[in-house]
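See below for the structure under consideration.
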Amino acid sequence: MSGPRYAVVVPSVGRPSLRVLLDALAAATGPRPEWLVVVDDRAVPGGTPAVDVRDLPADVAEHVLVLRSGGRGPAAARNTGWRAVPADVDWIAFLDDDVLVGPAWCADLVADLAAADRHGLAASQAEIDVPLPADRRPTDWERGTAGLSGAWWITADMAYRRDALVAVDGFDERFPRAFREDADLALRVQDTGRRLVVGRRRTTHPVRPPAGGPACASSAATPTTC
């Protein structure tokens with residue numbers, strides 16, 4: 001593939017939105033990921049697999065790796081995923097299983113990673129769009145989710161250089177749920193003297209039904225734009 005080599009890691013608890021994301025990734029134009037790693041983080045996986053690679057296009061399915069992380073939370077699931085990627089892949093792009101990438105996401109990601117490489121940067125975050133209803137006032141839950149569109153360093157769509165992850169030993173697995181584990185990682189990477197930026201790619205984070213825990217929170221770090 002041309003441009004930076006990358007893998008995509010998606011932690012999941014088997015939500016139907018995972019399939020929507022995988023279909024969008026399969027349809028996106030641009031260089032394919034070297035690996036697409038889906039980490040099933042259900043404590044007791046059900047009879048239905050998190051993803052059935054037989055349902056994916058052949059050129060995508062042959063690069064899919066499905067792992068299990070035992071229900072220890074998204075921090076541990078992401079660590080399980082990126083550590084399984086061969087060491088010669090320079091970039092790890094993390095996506096949540098409830099986001100929706102755009103039609104040129106692969107091309108846009110590679111452009112962001114190439115720009116980050118030119119500047120010697122450690123990570124690149126997407127701009128996150130949260131669609132809200134146009135015909136009524138948003139609910140409190142919807143407004144809370146909309147806060148993700150202004151959060152820094154959230155792993156809804158966040159790519160790290162592998163060497164930056166190795167330097168800080170990845171995510172802190174003492175965070176058991178999707179809350180501040182991504183901000184903690186970003187702060188520890190910045191403590192090593194590396195910079196993180198917001199790239200040009202855009203990813204949509206739909207508002208899911210209010211059945212889960214709190215949304216990911218941001219750090220106090222100030223972003224720059226590459």
Side-chain angles (χ1 to χ4, degrees), residues 1-11 21 24-25 28-37 63 74-75 78-79 81-96 99-130 147-172 180-205 216-226:
M1 62 183 284
S2 59
R5 302 179 68 197
Y6 73 98
V8 175
V9 173
V10 183
L21 168 62
L25 279 171
T29 60
R32 296 288 196 197
E34 299 278 329
W35 289 98
L36 171 56
V37 185
H63 298 287
R78 294 189 193 105
N79 282 342
W82 74 262
R83 287 170 179 157
V85 174
D88 60 351
V89 177
D90 294 329
W91 283 92
I92 311 293
F94 297 101
L95 292 172
D96 285 350
V99 301
L100 186 62
V101 299
W105 184 83
C106 294
D108 294 342
L109 172 68
V110 168
D112 281 348
L113 301 187
D117 276 341
R118 288 194 298 272
H119 293 88
L121 305 176
S124 171
Q125 178 187 319
E127 294 190 35
I128 303 298
D129 294 323
V130 180
L148 296 175
S149 63
W152 308 138
W153 320 138
I154 60 172
T155 41
D157 183 339
M158 184 78 183
Y160 278 92
R161 281 194 58 89
R162 183 190 184 92
D163 57 7
L165 293 171
V166 170
V168 298
D169 199 28
F171 291 85
D172 187 337
R180 299 194 184 278
E181 84 292 350
D182 42 12
D184 170 79
L185 173 64
L187 291 171
R188 288 188 289 114
V189 169
Q190 289 178 100
D191 283 345
T192 70
R194 306 286 296 273
R195 291 176 57 219
L196 292 68
V197 298
V198 177
R200 297 180 181 273
R201 69 192 184 280
R202 303 188 74 91
T203 290
T204 299
H205 192 303
C216 298
S218 66
S219 76
T222 301
T224 55
T225 302
C226 183

Review point. Which residues pass the side-chain contact (heavy atoms from CB on, under 4.5 Å) test with A123, sequence neighbours left out?
Key: M158, Y160, L196
**Study point:** Evaluation steps, salt bridge (Lys or Arg N to Asp or Glu O under 4.0 Å), between D88 and R162
**Key:** CA-CA 9 Å; D88 60 351; R162 183 190 184 92; over 6 Å; no
Practice item. Measure the CD1-OG1 distance between I92 and T155 for me, rounded to the nearest 0.5 Å. Key: 14.0 Å
Point to revise | L165 CG to W91 CH2 distance, which is reported to the nearest 0.5 Å | key: 9.5 Å
Point to revise | D90: partners by side-chain contact (heavy atoms from CB on, under 4.5 Å), with sequence neighbours left out | key: R161
Review point. Mind checking what makes side-chain contact (heavy atoms from CB on, under 4.5 Å) contact with A114, not counting sequence neighbours?
Key: P4, R118
**Study point:** Distance, nearest 0.5 Å, that separates CZ of R200 from CG of L109
**Key:** 14.5 Å
Check your understanding: Does A75 have any side-chain contact (heavy atoms from CB on, under 4.5 Å) partners at least two apart in sequence or in another chain, and if so, which?
Key -> F171, E181
**Study point:** Any residue meeting salt bridge (charged side-chain N to carboxylate O under 4.0 Å, His left out) with R194, in chain and number order, not counting sequence neighbours
**Key:** D163
Check your understanding: Taking only residues two or more places apart in sequence, or in another chain, which ones meet D191 in a side chain to side chain donor-acceptor pair (under 3.5 Å)?
Key -> none
Point to revise | Straight-line distance of L185 CG to Q190 CD, nearest 0.5 Å | key: 10.0 Å
Practice item. Say whether, by atom type as modelled, one donor and one acceptor occur between the side chain of H205 and the main chain of V130 under 3.5 angstrom. Key: no
Review point. Between CG of D112 and CG of D117, what distance do you get to the nearest 0.5 Å?
Key: 11.0 Å
Exercise for review: State whether the side chain of E127 and the backbone N or O of R202 hold a donor-acceptor pair below 3.5 Å, judged by distance alone.
Suggested key: no
Check your understanding: Would you call R78 and D96 a salt bridge, using N to O less than 4.0 angstrom?
Key -> yes
